[in-house]
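The shown structure was predicted, so the numbers you read here are calculated from the model rather than taken from an experiment.
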Amino acid sequence: MVQATSLPRNEAGIEAAIETLKQRFGGRLQTGQAICEQHGHTTTWIVNQAPDAVVFPTSTEEVSEIVAVCAEHGVPVIPFGTGTSLEGHVNAPAGGICIDMMRMDKILAVHAEDLDVVVQPGVTREQLNTYLRDQGLFFPIDPGANASLGGMAATRASGTNAVRYGTMKDNVLSLEAVMADGGVIRTAQRAKKSSAGYDLTRLLVGSEGTLGLITELTLKLQGIPEAIRSARCSFRTVDDACRAVMMTIQYGIPVARIELLDALSVRAANAYSGLDLPETPLLLLEFHGSDAGVVEQSDMFASIAEEFGGFDIAATSTPEERNKLWQARHDMYWASLQLRPGAKGISTDVCVPISKLAECVGAARDKAEGMGLMAPIVGHVGDGNFHALLLIDMDSSTERQKADEFVGWLNDLAISMDGTCTGEHGIGQGKRPYLQKELGPAIRYMAAVKAALDPENIMNPGKILEI
């Protein structure tokens with residue numbers, strides 16, 4: 001099990017910073033035990049490491065003030081969005097000040113003609129898409145949870161639509177960020193491309209708050225498609241389903257979403273969401289385009305699926321039926337917990353080249369069964385990314401040890417297949433041991449960037465790197 005190692009605390013600095021910030025922010029700075037623990041990590045098995053105080057800014061200027069005070073006293077700064085990250089990203093191993101961005105929730109500008117939007121980091125993806133709907137626009141990145149857009153950028157999130165629309169790194173045009181000294185920078189303009197200098201936007205996207213705090217984002221938008229069609233298809237084996245995915249991608253069918261549920265996940269979805277699907281591996285797909293185009297695409301997929309033994313194939317353009325299927329997919333975490341009441345769900349993810357997907361998913365399933373672990377598997381298989389949710393009795397040291405062994409084994413397997421230990425969850429604390437295995441000497445250069453931009457190591461210390 002990942003050990004959330006504590007780092008040295010600067011007690012005098014923390015006390016001085018809290019006193020200064022209390023005078024400035026009054027009731028918007030809280031030090032109560034309950035609220036601090038709520039801002040330590042709670043959606044993972046990594047032990048909760050609470051900050052010493054939580055402050056709620058409403059503007060970039062206020063974030064800059066907070067960071068400047070922390071920099072003066074050498075106090076750690078930990079950014080917080082909605083708290084849905086899974087690898088200990090918001091823990092405070094050295095104590096310090098948590099900056100909760102959720103009151104920075106304004107949509108600042110929509111440039112419909114340019115297909116972009118400017119938002120504060122506390123805006124959630126559902127909030128943004130509700131706001132955009134009457135303008136015929138949407139933001140496509142969909143990690144499942146109603147995460148904040150700042151947090152999604154910080155962890156380089158993706159989700160079900162990534163196979164067509166890419167991940168956060170592909171959809172952020174520019175950022176405003178507060179750096180470790182309290183200075184404010186803008187990484188780019190709104191132009192769709194630029195060759196001007198180092199790409200600081202991509203450097204900060206995925207940096208998990210270790211280099212700077214995102215306080216504003218300019219995001220790409222898409223037009224709501226003329227037609228949307230969903231399809232589902234069951235298979236006898238995971239291998240058959242994965243081979244159908246590979247063929248679909250290789251044929252160039254412009255799938256918007258293509259999701260895999262293994263037999264255990266389908267059983268959970270049937271029970272939790274009131275579905276009646278064959279309890280065998282399942283693919284869920286979505287096609288975006290014209291009325292004729294989405295029918296053609298779904299028919300092409302059906303032909304491919306039949307080659308690999310696909311059955312119970314169905315497609316629909318009815319919003320109610322589509323939403324029911326995709327809501328069941330998004331509810332998979334809660335559905336899976338019902339498979340073993342009282343267990344805790346430990347979610348991990350890897351990503352491999354799509355040619356290795358069937359082998360990796362099959363090996364993960366066999367490994368879990370061989371270890372006596374219940375681990376439903378779902379995945380954004382159009383880009384080789386999948387998740388195993390280990391259902392663990394946390395009071396059992398034997399089960400915790402097995403879960404830890406499985407997670408380490410799966411990370412190592414993905415890396416051995418030229419894949420990655422995390423397709424979208426990020427590194428945080430939980431994946432740090434595997435980053436070195438994956439990237440080797442590159443870690444030294446990451447550490448050099450960190451040292452240059454945050455020489456006092458106050459920006460979310462203990463995440464990504466072993467410092």
Novice: Will you find, in the side chains of Thr167 and Ser158, an N or O donor that is under 3.5 Å from an N or O acceptor?
Specialist: no
Novice: Tell me if a side-chain donor or acceptor on Thr218 pairs with a main-chain N or O of Val118 at a distance below 3.5 Å.
Specialist: no
Novice: Sort out for me which residue in Arg232, Arg257, Arg164 forms a salt bridge (charged side-chain N to carboxylate O under 4.0 Å, His left out) with Glu286.
Specialist: Arg257
Novice: Does one side chain, of Asp142 or His330, offer a donor that lies under 3.5 Å from an acceptor on the other?
Specialist: yes
Novice: Is it true that a side-chain atom of Gln30 and a backbone atom of Ala53 form a donor plus acceptor pair closer than 3.5 Å?
Specialist: no
Novice: Charged N to carboxylate O below 4.0 Å: is that the case for Lys437 and Asp412?
Specialist: yes
Novice: Testing the 3.5 Å rule here: is there a donor-acceptor pair between the side chains of His73 and Asn10?
Specialist: no
Novice: Can you list everything that forms a salt bridge (Lys or Arg N to Asp or Glu O under 4.0 Å) with Asp393? Sequence neighbours excluded, please.
Specialist: none
Novice: Determine yes or no for a side-chain-to-main-chain donor-acceptor pair under 3.5 angstrom, with Ser194 supplying the side chain and Ala196 the backbone.
Specialist: yes
Novice: Can a donor-acceptor pair be found, under 3.5 Å and without considering hydrogens, that links the side chain of Lys463 to the backbone of Ile427?
Specialist: no
Novice: Not counting sequence neighbours, which residues clear side chain to side chain contact (heavy atoms under 4.5 Å, CB included) with Asp105? List them please.
Specialist: Gln127
Novice: Just say parallel, tilted or perpendicular for the rings of Phe80 and His39, cut-offs at 30° and 60°.
Specialist: tilted
